[in-house]
Amino acid sequence: MDKYTFFENVFEVVKQIPAGKVTSYGAIAKYLGSAKSSRTVGYAMNASHLLIEKIPAHRVVNRNGLLTGKHHFGENKMQQLLENEGLNIINDQIQNFENHFWDPNRELMI
DNA sequence: GAGGTGACGACCC
DNA sequence: TGGGTCGCCACCT
């Protein structure tokens, strides 16, 4: 039953990220109880765009606020989407990252 | 069934 | 300070 894998759990969290906010792979992993599983979170994002559901994978970046996944999402597509949500990106890096950071551990607190 | 890989992160020299 | 290594979970060969 409720055999929600780490993988699927990631999607549930990512889908809850409000527009104009971003989070990190590690934050999601930590929220799910496996802080060291950030790699798996990234892998989930890779598969997310294959899903029917809309997963705002562009709102998930690494801990530096760097758009490391842009190559998979679309070179300028990812940055375009983020800028469209009011974020300022320079050199593939989100400016004021902390100010736009959405921490599931703090916002969801389940 | 076993080994290698990956949109990361933390630790160790 | 910076480069190298391990860990974690799921997928592919």
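Letters A, B, ... are given to chains in the order of the sequence lines, protein chains preceding strands, and every chain is numbered from 1.
- Across all strands, A:Ala57 comes closer than 4.0 Å to base atoms (heavy-atom distances).
- Nucleotide C:dG7 holds its P atom 21 Å from the CG atom of A:Leu32, rounded to whole Å.
- Counting only heavy atoms from C-beta outward, the side chains of A:Met45 and A:Val14 approach each other to under 4.5 Å.
- For the pair A:Glu75 CD and B:dA7 C1', the interatomic distance rounds to 13 Å; values are reported in whole Å.
- Side-chain atoms of A:Asn88 and A:Asn96, non-hydrogen and from C-beta on, never get closer than 4.5 Å to each other.
- When each of A:His71, A:Met78, A:His72 is tested with A:Glu75 by the rule side chain to side chain contact (heavy atoms under 4.5 Å, CB included), just one qualifies, namely A:His71.
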Compile the donor-acceptor pairs under 3.5 Å between side chains in residues 49-61 of chain A and protein atoms, sequence neighbours left out, one pair per line.
from	atom 1	to	atom 2	distance (Å)
A:Glu53	OE1	A:Lys15	NZ	2.7
A:His58	NE2	A:Glu85	OE2	3.2
A:Arg59	NE	A:Glu85	OE1	3.0
A:Arg59	NE	A:Glu85	OE2	3.2
A:Arg59	NH1	A:Ile17	O	2.7
A:Arg59	NH2	A:Glu85	OE2	2.7

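- Spacing between atom CZ of A:Phe97 and atom C1' of B:dC8 amounts to 12 Å, rounded to whole angstrom units.
- When heavy atoms are screened at a 4.0 angstrom cut-off, A:Asn62 is found touching the sugar-phosphate backbone but no base atom.
- One atom, CZ of A:Arg63, and another, P of B:dA10, lie 6 Å apart when rounded to the nearest Å.
- In this structure, CZ of A:Phe73 is placed 11 Å from C1' of B:dA7, rounded to the nearest angstrom.
- Rounding to whole angstrom units, CG of residue A:Asn46 and C1' of B:dC8 are separated by 14 Å.
- In this structure, the NZ atom of A:Lys36 is 10 Å from the P atom of B:dA10, given to the nearest Å.
- Checked against salt bridge (Lys or Arg N to Asp or Glu O under 4.0 Å), A:Glu83 has no partners two or more places apart in sequence or in another chain.
- Distance CG (A:Asn64) to C1' (C:dG2): 14 Å, rounded to an integer number of Å.
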Could I get a table of every N or O pair under 3.5 Å where one atom is in the protein and the other is in nucleotides 9-13 of chain C?
from	atom 1	to	atom 2	distance (Å)
C:dC9	O4'	A:Thr40	OG1	3.0
C:dC9	O2	A:Thr40	OG1	2.7
C:dA10	OP1	A:Phe6	N	3.2
C:dC11	O4'	A:Tyr43	OH	3.1
C:dC11	O3'	A:Tyr43	OH	3.4

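- Between B:dG4 and C:dT5, the distance separating the two P atoms is 16 Å to the nearest Å.
- Using a 4.5 Å heavy-atom threshold, the side chains of A:Thr23 and A:Tyr31 count as separate.
- Between A:Trp102 and A:Leu108 the shortest side-chain heavy-atom distance falls below 4.5 Å.
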